[in-house]
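Quick caveat: nothing in here was measured; it's all calculated off a predicted structure. The basis for the numbers below is simple: all heavy atoms, side chains too, and nothing from hydrogens, waters or symmetry mates. Sequential numbering from 1 along the given sequence is applied to the chain's residues.
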Amino acid sequence: MAITKILARKGRLDVGINYVLNGDKTQERVLTAHLNCDPGRECRQMLDTKRAYGKEDGVQYYHIIQSIIMEGSSGRAVSYIEWLRQSRGQPTFRSMLEADLRTAIQDANDLGHFFMLMEHKGWEISHGNRLGFRLRGQDRFMYPGRKNALFTEEGIRAAIQSGLEDIEAGRRPAVIYRPAYKPYKKYPKYTGIMALYVHYLYVLGKIGQRQYPPRMTPQLRQEVMKADRYREQF
C-alpha cells in the first residue's frame with residue numbers, strides 16, 4: 001500500500017529542494033513537476049514569495065512524502081509508473097534494460113564484448129562513475145547499478161568471468177540456444193459451424209481469451225518510448 005506523510009520543515013530551503021529533487025529518488029527527475037515556479041529557480045522564487053508575505057521565519061516549507069508501492073516481499077519497491085505498467089502487463093524501460101543486460105552478460109566474452117552487444121541491442125552507454133544506459137531517442141540515462149550491484153562495471157566483469165569459468169568447467173554450454181525471432185502472424189478466424197462451436201465454448205466458460213506476454217520487439221520498444229514521451233508531456 002502507499003503511505004503519505006506531510007512534514008513541516010524549519011531548515012534551509014535550498015537543502016530541502018535539493019533533497020526532494022534527488023535523482024536517485026525521482027528516476028533522474030522524471031517523477032517531478034513544477035507548480036508556479038521555474039526549474040532551477042525554485043529556491044529564489046519561493047524566498048521572494050516568503051518575503052512578500054512576511055513569512056521568512058518559522059516553518060520554511062512542507063515536505064510531502066508518498067512511499068513507492070511494495071511489490072511482493074517488503075524488500076523490493078518499485079516506482080508507481082513502473083508498478084502501473086507491470087500491473088497492466090506492459091514492459092517498462094527498466095525491465096527491458098535488465099533483460100538485455102542479463103542476456104548480454106551471458107553472451108559476452110569480456111567487458112568490451114558486453115558493451116558491443118548492448119550497443120547492438122540499441123542502447124547508448126554512458127561511461128562515468130556509474131554505467132548509464134538509454135535507448136536511442138530517450139532523454140535520460142538509467143543507472144541500474146544503483147539498485148543492483150550486478151549491473152555495475154565491476155559486477156558485470158565478475159559475472160562474465162564467472163560464466164567463462166562455468167563453461168570451462170562444463171557446468172554450462174558455451175553457446176546458449178535461443179529460438180529465432182518470428183514475427184507475429186494473426187491466427188486465422190474460425191468460420192461456419194466451427195466458429196459457432198468456439199463461441200459457445202467461450203460463453204459456457206470452457207475456454208478463455210488467450211493472454212500473450214509482451215515480446216521485446218523493436219516495434220514494442222518504440223511504442224513504449226512513445227508512451228513515455230506522452231507521459232512526460234502530460
- [ ] Any chance you could measure Leu135, atom CG, to Lys121, atom NZ, to the nearest 0.5 Å?
- [x] 11.5 Å
Task: Gap between atom CZ of Arg44 and atom CG of Asp14 - 0.5 Å precision - done: 12.5 Å
Task: Linked, directly or transitively: Leu131 and Ile105 (ILVMFWY side chains, under 4.5 Å) - done: yes
Open item on the list: Minimum heavy-atom separation for Leu97 and Met142, please, with both atom names.
Closed with: CD2-CE, 3.9 Å
Task: Contact summary for Ile125 and Met118, nearest pair of heavy atoms - done: CD1-CB, 4.1 Å
Task: Closest non-hydrogen atom pair between Phe141 and Glu124, with its separation - done: CE2-O, 3.6 Å
Open item on the list: Between Thr103 (side chain only) and Ala99 (backbone N and O only), is there a donor and an acceptor less than 3.5 Å apart?
Closed with: yes
TODO: Give the minimum heavy-atom separation between Cys37 and Glu42, together with the two atoms involved.
DONE: SG-CG, 4.1 Å
- [ ] State, yes or no, whether a side-chain contact exists between Leu150 and Arg102 at a heavy-atom distance under 4.5 Å.
- [x] yes
Open item on the list: Once rounded to the nearest 0.5 Å, what's the spacing between atom CG of Asp100 and atom NE2 of His120?
Closed with: 13.5 Å
TODO: For the residue pair Ile160 and Asn109, establish whether any side-chain heavy-atom pair is separated by less than 4.5 Å.
DONE: no
Task: Beyond-backbone contact of Arg146 with Phe151, side-chain heavy atoms, under 4.5 angstrom - done: no
Task: Any Gln45 side-chain heavy atom under 4.5 Å of Asn36 side chain - done: no
Open item on the list: Quick check against the 3.5 Å criterion: does Gln60 have a side-chain atom that pairs as donor or acceptor with the backbone of Gly58?
Closed with: yes
Open item on the list: Is any side-chain heavy atom of Met46 closer than 4.5 Å to one of Leu13?
Closed with: yes
Task: Reported OG-to-CZ distance for the pair Ser162 and Arg157, which is rounded to 0.5 angstrom - done: 14.5 Å
Open item on the list: For Tyr61 versus Gly16, what's the shortest heavy-atom pair and its separation?
Closed with: OH-CA, 3.2 Å
Task: Residues His113, Asp107; criterion side-chain contact (heavy atoms from CB on, under 4.5 Å); working and verdict - done: CA-CA 9 Å; His113 188 202; Asp107 294 344; 5.6 Å; no
Task: Within-4.5 Å side-chain heavy-atom neighbours: Phe114 and Leu101 - done: yes
- [ ] With the side chain counted from C-beta on, respond yes when Arg9 and Val59 share a heavy-atom pair under 4.5 Å apart, and no when they do not.
- [x] no
- [ ] Check for a donor-acceptor pair, side chain of Asp38 on one end and backbone N or O of Arg41 on the other, with a separation under 3.5 Å.
- [x] no
Task: Close side-chain approach of Phe133 and Pro144, heavy atoms under 4.5 Å - done: yes
Task: Shortest non-hydrogen contact from Leu117 toward Ala104 - done: CD1-O, 3.7 Å
Open item on the list: With a 4.0 Å cut-off on N to O distance, would you call Arg94 and Glu98 a salt bridge?
Closed with: no
Task: side-chain hydrogen bond (donor to acceptor under 3.5 Å, both in side chains) partners of residues 49-58, not counting sequence neighbours, each pair once - done: Asp48-Arg51
- [ ] Hey, could you give me the CD1/CD distance between Ile156 and Glu154, rounded to the nearest 0.5 Å?
- [x] 9.0 Å
